[in-house]
Amino acid sequence: MTGATIWLTGLPSAGKTTIARELAGKLRGDGHRVEVLDGDEIREFLSAGLGFTRGDRHTNVQRIGFVAELLASNGVKALVPVIAPYADSREAVRKRHQTEGTAYLEVHVATPVEVCSERDVKGLYAKQAAGEISGLTGVDDPYEAPESPDLRIESHTQTVQESAAALYALLTERGLA
Ligand SMILES: Nc1ncnc2c1ncn2[C@@H]1O[C@H](COP(=O)(O)OS(=O)(=O)O)[C@@H](OP(=O)(O)O)[C@H]1O
Ligand SMILES: Nc1ncnc2c1ncn2[C@@H]1O[C@H](COP(=O)(O)OP(=O)(O)O)[C@@H](O)[C@H]1O
């Protein structure tokens with residue numbers, strides 16, 4: 001089967017992980033080999049020691065891009081729910097895939113910051129508001145929204161199943177599912 005990297009970029013609590021896991025289930029059900037490269041897990045192992053400066057985030061994203069491309073070029077659907085706030089970091093990952101001839105899709109989970117901070121799955125928005133942390137993406141740290149993603153998902157206007165179905169439809173359209 002054809003591999004591909006599907007990168008879900010967006011703010012904390014936008015719905016990246018939830019959509020990736022829902023899609024992973026659907027794809028596995030169809031017999032695809034799937035890996036979800038979860039940001040938190042990666043930061044515990046592959047990117048242990050990295051923080052949230054611009055440089056560290058760039059390094060983190062390049063490492064994940066490297067691993068995703070390896071998986072994708074070996075027939076795996078690599079789903080990547082990682083913020084990747086900087087356009088140039090994302091562009092470098094896309095170029096690497098292009099050079100290797102590996103399919104790459106960029107999905108912007110475009111949930112407004114007001115909705116994300118309401119969801120606040122990990123309590124980070126509350127901590128930032130309380131002054132306990134700083135440098136939170138979308139609040140007091142940059143998020144450069146993709147200008148022309150392969151798909152934009154408005155997670156605040158639909159269910160998780162609808163969001164995953166929209167992404168699944170794109171994969172089908174591109175001959176990847
Ligand atoms: N300051 C700050 N800004 C953003 N995110 C923060 C921060 N501190 C901790 N976290 C948690 O770490 C997760 C983001 O890691 P990523 O590897 O996806 O980020 S990045 O692409 O390197 O910017 C992110 O996970 P998600 O909520 O799943 O996006 C956060 O839970
Ligand atoms: N359409 C949707 N797609 C994804 N998540 C949604 C949607 N609607 C509501 N949610 C909820 O939003 C939250 C998103 O959390 P999570 O997936 O951990 O975000 P992220 O990985 O972007 O930080 C979950 O509690 C999820 O149930």
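All values reported here derive from a predicted model rather than from experimental measurement. As the structure lists them, so they are numbered: ligands from 1, and atoms in each ligand from 1.
In this structure, the side chain of R33 engages the main chain of N74 through a donor-acceptor pair within 3.5 Å. The backbone N or O of E106 sits less than 3.5 Å from a side-chain atom of D150, completing a donor-acceptor pair.
Using a 4.0 angstrom heavy-atom cutoff, Q128 does not count as in contact with ligand 1. Residue-ligand proximity: S13 is placed with a non-hydrogen atom under 4.0 Å from ligand 2.
The protein heavy-atom contact nearest to atom 23 (O) of ligand 1 is R57 NH1, 2.8 Å. For atom 21 (O) of ligand 1, the nearest protein heavy atom (residue, atom name, distance) is A84 N, 2.8 Å. Among protein heavy atoms, the minimum distance from atom 24 (C) of ligand 1 is reached at I83 CD1, 4.1 Å. Scanning all protein heavy atoms for the shortest distance to atom 26 (P) of ligand 1 gives K122 NZ, 3.4 Å. Scanning the protein for heavy atoms near atom 15 (O) of ligand 1, the closest one is R43 NE, 3.2 Å. The nearest protein atom to atom 13 (C) of ligand 1, hydrogens excluded, is given as D40 OD1, 3.6 Å; this is a heavy-atom distance. Atom 11 (C) of ligand 1 has L124 CD1, 3.8 Å as its closest protein atom, hydrogens excluded (heavy atom only). The protein heavy-atom contact nearest to atom 2 (C) of ligand 1 is G135 O, 3.5 Å. The protein heavy-atom contact nearest to atom 21 (O) of ligand 2 is T17 OG1, 2.4 Å.
Contact annotation: the side chain of I19 approaches that of V109 to within less than 4.5 Å [non-hydrogen atoms, C-beta and beyond]. By the 4.5 Å heavy-atom criterion applied to side chains, T111 and L11 are not counted as neighbours. Side chains of R21 and D38 form a contact here, defined as non-hydrogen atoms less than 4.5 Å apart. Proximity of L27 to L171: side-chain heavy atoms (C-beta onward) are separated by under 4.5 Å at one or more points. Two residues are said to be in side-chain contact when any heavy atoms from C-beta on lie closer than 4.5 Å; L136 and F52 fail this criterion.
Applying the 4.0 Å criterion to heavy atoms of V160 picks out, from ligand 2, the atoms 1 (N), 2 (C), 3 (N), 4 (C), 5 (N), 6 (C), 7 (C). Within the listing of ligand 1, atoms 29 (O) sit less than 4.0 angstrom from a heavy atom of K16. The contact set between ligand 1 and P85, taken as ligand atoms under 4.0 Å from a residue heavy atom, comprises 21 (O), 23 (O). Listed by atom number, the atoms of ligand 2 under 4.0 Å from S155 heavy atoms are 1 (N), 2 (C), 3 (N), 7 (C), 8 (N). For ligand 2 and I19, the ligand atoms under 4.0 Å from any heavy atom of the residue are 3 (N), 4 (C). The contact set between ligand 2 and S163, taken as ligand atoms under 4.0 Å from a residue heavy atom, comprises 1 (N), 2 (C), 3 (N). Of all the atoms in ligand 2, the ones that sit under 4.0 Å from a non-hydrogen atom of Q158 are 1 (N), 2 (C), 8 (N).
When all heavy atoms of S13 and V121 are compared, the closest pair comes out as OG-N, 3.0 Å. Taking all atoms of both residues into account, the shortest heavy-atom contact from G65 to V93 is CA-CG1, 3.9 Å.
Not a single salt bridge (charged side-chain N to carboxylate O under 4.0 Å, His left out) links R152 to another residue, sequence neighbours left out.
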Decide side-chain hydrogen bond (donor to acceptor under 3.5 Å, both in side chains) for S134 and D140; before the verdict, give the C-alpha distance in whole Å, the side-chain angles of both, and the deciding distance to 0.1 Å.
CA-CA 7 Å; S134 63; D140 59 352; 4.8 Å; no

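Cation-pi geometry between R96 and Y104 is not met: the NZ or CZ atom fails to fall both under 6.0 Å from the ring centre and inside 45° of the normal.
Of all the listed residues (G10, G39, G15, A20), G15 holds the heavy atom that lies closest to atom 14 (C) of ligand 2. Residue R119 holds the heavy atom nearest to atom 9 (C) of ligand 2 of all those in E154, Q161, R119. Of the listed options V109, L11, V121, V121 places a heavy atom closest to atom 13 (C) of ligand 2. Residue nearest to atom 17 (O) of ligand 2, selected from V115, L8, T18: T18 (by heavy-atom distance).
Sorted by first then second residue, the salt bridge (charged side-chain N to carboxylate O under 4.0 Å, His left out) pairs that include residues 45-64, not counting sequence neighbours, are R54-D88, R57-D141.
Checked by distance only, ligand 1 and V61 stay at 3.5 Å or farther apart across all their nitrogen or oxygen atoms. Close N/O approach between P12 and ligand 1 is not found [any backbone or side-chain N/O within under 3.5 Å]. Taking any N or O of P12, backbone or side chain, none lies under 3.5 Å from an N or O belonging to ligand 2. Checking only distances, K122 never comes within under 3.5 Å of ligand 2, N or O to N or O.
No more than 12 heavy atoms of other residues, nucleotides or ligands shown are found within 6.0 angstrom of CD on E147.
At a heavy-atom cutoff of 4.0 Å, ligand 1 is contacted by no atom of I133, backbone or side chain. Neither the backbone nor the side chain of D141 has any atom closer than 4.0 Å to an atom of ligand 1 (non-hydrogen atoms only).
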